[in-house]
Amino acid sequence: MKARISLLPGDGVGPEVTAAAAQTIGAVARRFGHSFELRTFPVGGAAVRESGVPLPHTTLDACRNSDAVLLGAVGDPAFDTHPPGKRPEAALLTLRRELGVYANLRPARIYRGLEAAGPLKPDLLAGVDLLIVRELTGGLYYGTPRGLDADGSAAHNTMRYSRDEVRRIAVRAFEHARGRRRRVTSVDKANVLETSRLWRAVVSEIAAGYPDVSLDHMYVDNCAMQLVREPARFDVIVTENMFGDILSDEAGAVVGSLGLLPSASLGDGPGLFEPVHGSAPDLAGRDVANPIGAIASAAMLLRYGIALPDEADALDHAIDECVAAGVGTPDINGRMTCSQVASAIAERVHAISSISVP
């Protein structure tokens, strides 16, 4: 296969973890005989410094014409006082909207060997393997009107959802549940929010078409508590944009490190794949950032972005085996650098014998 993949390293540790992921994609290409064209483009604070805008037209056009996009991270404290449209984070929101990626998949599971890496007792973590399906282009992050009063005395945001927006994300959640343990938990705040009441009603309607999948509803505050009290109870969690943003970060703490979590943002065009962690500017340039979230995002790119499930399995298995063997950065009690972890996983891709290669 030939595929065009746009790399957007971004800010902070983004360039380091993107380089790590690109190295493992190259290993997969060599092992399976594919030809992947990887091209790098500026985004976020790096793009502001280069061209004055967080998402240059050349970057956006390249992403639109790619088969898939791999993003590192955006965010730079140097631009914290800039207007919203000039801040690095604006690039991510615009990119999601322009690519039409409305379904964000954020898996979280316990890697063998990391049962004691997080703050929870290992016995609570047995069997934890959940998928958060987050609606990505609606809600407070995109709703209008929004703004800050000129005198700074007040600000306002708008939370809005349509039936169609809820319906399409709910269908994604139930379809994924069918390939897992057939349980969906829909998270909302229907006791106080009208948008959540609509959300709950539409998700219930969609559930009627999936009699083989069980559905329960949960308020977001209760879900946040249950994620740390009984994380193994969850299979697929489907929720709106802001709730999903918060809960998926909590899931990172549950499994040991935010640096372990990948994500895939899918719609009707090129998919956007990125680790859940932020730019972590305090770690930038030190070669200590955990690249596993970015490398696992590359595996999701192979699976969902360019339809190569065997290749995705090979990379996922390489990650599993390396972590179980003690390969890791300091945040998961390892002693290796970011680049060393990437090299170990890339080498393991070639060594795995359980994956059939044509």
Side-chain angles (χ1 to χ4, degrees), residues 4-22 37-102 104 136-152 155-158 241-242 245 263 265 267 269-287 289 291 293-294 297 301 305 338:
R4 289 175 296 179
I5 301 171
S6 289
L7 303 179
L8 311 184
D11 306 318
V13 299
E16 298 165 57
V17 299
T18 302
E37 179 187 353
L38 277 62
R39 297 184 63 194
T40 301
F41 300 92
V43 72
V48 174
R49 286 190 170 88
E50 183 175 312
S51 62
V53 294
L55 183 63
H57 290 300
T58 51
T59 298
L60 180 56
D61 288 343
C63 293
R64 286 171 172 156
N65 293 310
S66 298
D67 294 296
V69 179
L70 183 66
L71 173 72
V74 293
D76 187 328
F79 301 100
D80 282 353
T81 59
H82 283 219
K86 295 292 186 179
R87 293 183 56 159
E89 295 81 2
L92 184 54
L93 297 178
T94 303
L95 189 60
R96 289 169 177 171
R97 183 181 64 244
E98 293 298 319
L99 293 181
V101 289
Y102 62 85
N104 183 232
L136 200 58
T137 57
L140 277 174
Y141 292 178
Y142 290 93
T144 56
R146 61 186 296 161
L148 178 68
D149 289 1
D151 63 0
H156 60 279
N157 292 87
T158 301
N241 204 343
M242 184 175 68
D245 191 1
S263 78
S265 300
L272 175 64
F273 303 85
E274 58 181 308
V276 171
H277 64 71
S279 60
D282 56 318
L283 301 181
R286 296 166 50 192
D287 200 22
S297 296
L301 183 154
C338 174

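For the single chain, residues carry numbers from 1 onward in sequence order. Quick caveat: nothing in here was measured; it's all calculated off a predicted structure.
Judged as a salt bridge (charged side-chain N to carboxylate O under 4.0 Å, His left out), and not counting sequence neighbours, Asp149 has no contacts. Scanning for salt bridge (charged side-chain N to carboxylate O under 4.0 Å, His left out) contacts around Glu98 gives Arg64, with sequence neighbours left out. The salt bridge (charged side-chain N to carboxylate O under 4.0 Å, His left out) search around Asp287 returns none, not counting sequence neighbours.
A side chain to side chain donor-acceptor pair (under 3.5 Å) check over residues 8-20, counting only residues at least two apart or in different chains, returns nothing. Here ring-ring contact (aromatic ring centres under 6.0 Å, His included) pairs that include residues 54-75, with residues two or more places apart or in two chains, number zero. Pairs of residues two or more places apart, or lying in two chains, that qualify as ring-ring contact (aromatic ring centres under 6.0 Å, His included) and include a residue from residues 68-96 are Phe79-His82.
A 4.5 Å side-chain heavy-atom check between Arg146 and Thr158 finds every atom pair outside the cut-off. Within the 4.5 Å cutoff, the side chain of Leu7 has no heavy atoms near those of the Arg39 side chain. The side-chain heavy atoms of Pro77 and Pro281, taken from C-beta on, include a pair separated by under 4.5 Å. The shortest distance between side-chain heavy atoms of Val48 and Lys86 does not fall below 4.5 Å. Looking at Leu55 and Val43, their side chains come closer than 4.5 Å, going by heavy atoms from C-beta outward. No side-chain heavy atom of Glu89 sits less than 4.5 Å from a side-chain heavy atom of Leu92. Counting only heavy atoms from C-beta outward, the side chains of Pro9 and Thr40 approach each other to under 4.5 Å.
Across all non-hydrogen atoms, the minimal contact from Val101 to Pro270 is CG1-O, 3.6 Å. A pairwise comparison of heavy atoms in Pro275 and Ser297 identifies N-OG, 3.3 Å as the closest pair. Closest approach of Ala68 and Leu301 over heavy atoms only: CB-CG, 3.7 Å. Here the closest heavy-atom approach between residue Gly45 and residue Pro88 is recorded as N-CB, 3.3 Å. Of all non-hydrogen atoms in His277 and Val13, the two that sit nearest each other are CE1-CG2, 4.0 Å. Considering every non-hydrogen atom in both Ala21 and Ala294, the closest pair reads CB-O, 3.6 Å.
At distances below 3.5 Å, not a single donor-acceptor pair connects side-chain atoms of Asp67 with backbone N or O atoms of Ile5. A donor-acceptor distance shorter than 3.5 angstrom exists from the side chain of Thr59 to the backbone of Pro42, with no hydrogens or angles considered.
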Checklist entry - Can Leu99 and Ser265 be said to form a side-chain contact (heavy atoms from CB on, under 4.5 Å), step by step? => result CA-CA 9 Å; Leu99 293 181; Ser265 300; over 6 Å; no
Checklist entry - Is there a side-chain contact (heavy atoms from CB on, under 4.5 Å) between Glu274 and Ser263 once you walk through the steps? => result CA-CA 5 Å; Glu274 58 181 308; Ser263 78; 3.3 Å; yes
Checklist entry - Given Leu95 and Leu60, is the side-chain contact (heavy atoms from CB on, under 4.5 Å) satisfied, shown in steps? => result CA-CA 7 Å; Leu95 189 60; Leu60 180 56; 3.9 Å; yes
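Within the model, atoms OG of Ser66 and CD of Glu37 stand 8.5 Å from one another, a figure rounded to the nearest 0.5 Å. Asp245 contributes atom CG, which lies 11.5 Å from atom CG of Leu140 (distance to the nearest 0.5 angstrom).
When only modelled atom types and interatomic distance are considered, Tyr142 and Asn241 share no side-chain donor-acceptor pair under 3.5 Å.
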